[in-house]
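Only one structure is covered here, and it is reproduced in the block below.
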Amino acid sequence: MPVVRTRRLILRVLIAAAGTIAASMPSTGCGPAVDLTKGLEIQNVSTGWYDAGIVNGENKIVPSVTFTIKNVSNRSLAPLQVNALFRLVNDPAEWGSAFLTAADSHGLAPGAETPVLTMRSQQGYTSTDPRQDMLHNSHFVDAKVELSAKYGAGQWTRVGAYQIGRQLLAH
C-alpha cells in the first residue's frame, strides 16, 4: 500500500475515533440554552465615579458599577462571565471596558446569587482640580455602562444598561 493511502487511512480512523469519543462524553450543555435576559437578574446596582488616585500628577476618576447577579433559571450556569462596556452618553464608541468571571466552572446554581461584583473602566477623567469638582466641570460628560453576560460557550447577551451617577465613590 502506498504511503499516501496509508496516511489517509490512518487519518480517517483517527477522525472516526475522535468523533466516537466526543459523542460518548457527557455534555455540559444538556438541555435547551438559557436565555440570559430572562435567566439572570442584575440586582443591587450602584454606580458612580471611583477615585483612581493620582496619575502623572493629576487626580483621576473612572466610571464604576457594582452589582450582584441572581440565577433565576432552572440550570446551573458555568462558567458565568460578565463584560462591561463604558461609553460616554454622547458617543457610541467604547470608552473603556472590564471583564470578570462571576462564577467559575462549578457554576452559579439555580436560585443562587453572586457576591458583590465591581467593574471599573480603565479610562476616565484626569485633572488638577479636586476630584469632587471634576464632576461639576463644564467639560464633564456623563457616562453609561452596558453589561453583557455569557455562560459556557454561549454568545454574549446584553443583560443591563445603567447611567453612571455623578457621585464620587470612596475607596
**Request:** Give the C-alpha distance, both sets of side-chain angles, the deciding distance and a yes or no for side-chain contact (heavy atoms from CB on, under 4.5 Å) between Leu169 and Arg120.
**Result:** CA-CA 12 Å; Leu169 303 173; Arg120 296 186 181 111; 5.8 Å; no

**Request:** Could you check Thr157 against Leu40 for side-chain contact (heavy atoms from CB on, under 4.5 Å), going step by step and ending with a plain yes or no?
**Result:** CA-CA 11 Å; Thr157 301; Leu40 294 179; over 6 Å; no

**Asked** Taking C-beta and beyond as the side chain, do Ile69 and Val159 meet within less than 4.5 Å on heavy atoms?
**Response** no

**Request:** Answer yes if Tyr50 and Val82 sit in the same cluster of Ile, Leu, Val, Met, Phe, Trp and Tyr residues linked by side chain heavy atoms under 4.5 Å apart, and no otherwise.
**Result:** no

**Request:** Decide yes or no on side-chain contact (heavy atoms from CB on, under 4.5 Å) for Val116 and Asn44, but give the supporting numbers first.
**Result:** CA-CA 9 Å; Val116 174; Asn44 308 310; over 6 Å; no

**Prompt:** Would you find a donor on one side and an acceptor on the other, under 3.5 Å apart, between the side chain of Tyr125 and the backbone of Val141?
**Reply:** yes

**Asked** Heavy-atom distance under 4.5 Å between the side chains of Asp142 and Lys144, does that happen here?
**Response** no

**Request:** Tell me, with the steps shown, if Arg166 and Phe140 meet side-chain contact (heavy atoms from CB on, under 4.5 Å).
**Result:** CA-CA 10 Å; Arg166 271 204 197 191; Phe140 185 90; 3.3 Å; yes

**Request:** Taking all heavy atoms of Pro79 and all of Ser105, pick out the closest pair and write down the distance.
**Result:** CB-N, 4.3 Å

**Which residues share a ring pair (Phe, Tyr, Trp, His ring centres under 6.0 Å) with Tyr162, sequence neighbours left out** = none

**Item:** Between CD on residue Gln167 and OG on residue Ser64, distance to nearest 0.5 Å
**Value:** 9.5 Å

**Asked** How far apart are the closest heavy atoms of Pro63 and Ala143, and which atoms are they?
**Response** CB-CB, 4.5 Å

**Prompt:** For Gln122, does the CD atom have more than 12 heavy-atom neighbours from other residues, nucleotides or ligands under 6.0 Å away?
**Reply:** no

**Message:** Using side-chain heavy atoms (C-beta onward) and a distance below 4.5 Å, is Val89 in contact with Gln163?
**Reply:** yes

**Asked** Linking I/L/V/M/F/W/Y whenever any side-chain heavy atoms sit under 4.5 Å apart, do Leu88 and Val62 land together?
**Response** no

**Request:** Identify whether Val45 and Leu108 are in the same connected component of the hydrophobic contact network (ILVMFWY, side-chain heavy atoms under 4.5 Å).
**Result:** yes

**Exercise: identify the closest heavy-atom pair between Val34 and Gly39** = CG1-CA, 4.0 Å

**Request:** Would you name the heavy atoms of Leu100 and Thr118 that are closest together and state the gap between them?
**Result:** CD2-O, 3.9 Å

**Request:** Could you tell me the separation between the CD atom of Gln155 and the CG atom of Leu36, rounded to the nearest 0.5 Å?
**Result:** 11.0 Å

**Request:** Could you grab the distance from atom CZ of Phe67 to atom CG of Leu117, nearest 0.5 Å is fine?
**Result:** 5.0 Å

**Least distance between heavy atoms, Arg75 atom then Tyr151 atom** = NH1-OH, 3.7 Å

**Prompt:** Between atom OG of Ser76 and atom CG of Asn71, what is the distance when rounded to the nearest 0.5 Å?
**Reply:** 7.0 Å

**Asked** Does Trp156 share a hydrophobic cluster with Leu85, counting links as ILVMFWY side-chain heavy atoms below 4.5 Å and allowing steps through other members?
**Response** no

**Prompt:** Roughly how far, to the nearest 0.5 Å, is CZ of Phe99 from OG of Ser148?
**Reply:** 11.5 Å

**Message:** What I'd like to find out is whether the side chain of Phe86 reaches to under 4.5 Å of the side chain of Ile164, using heavy atoms alone.
**Reply:** yes

**Prompt:** Are there more than 12 heavy atoms of other residues, nucleotides or ligands under 6.0 Å from atom NE2 of His136?
**Reply:** yes

**Asked** Of the non-hydrogen atoms in Ala78 and His106, which two are nearest, and what is the gap between them?
**Response** CB-C, 4.2 Å

**Request:** Quick one: pull up OG1 in Thr47 and CE in Met119 and give me the separation to the nearest 0.5 Å.
**Result:** 14.5 Å

**Asked** Can you find a heavy atom in the side chain of Thr126 that is under 4.5 Å from one in the side chain of Asn59?
**Response** no

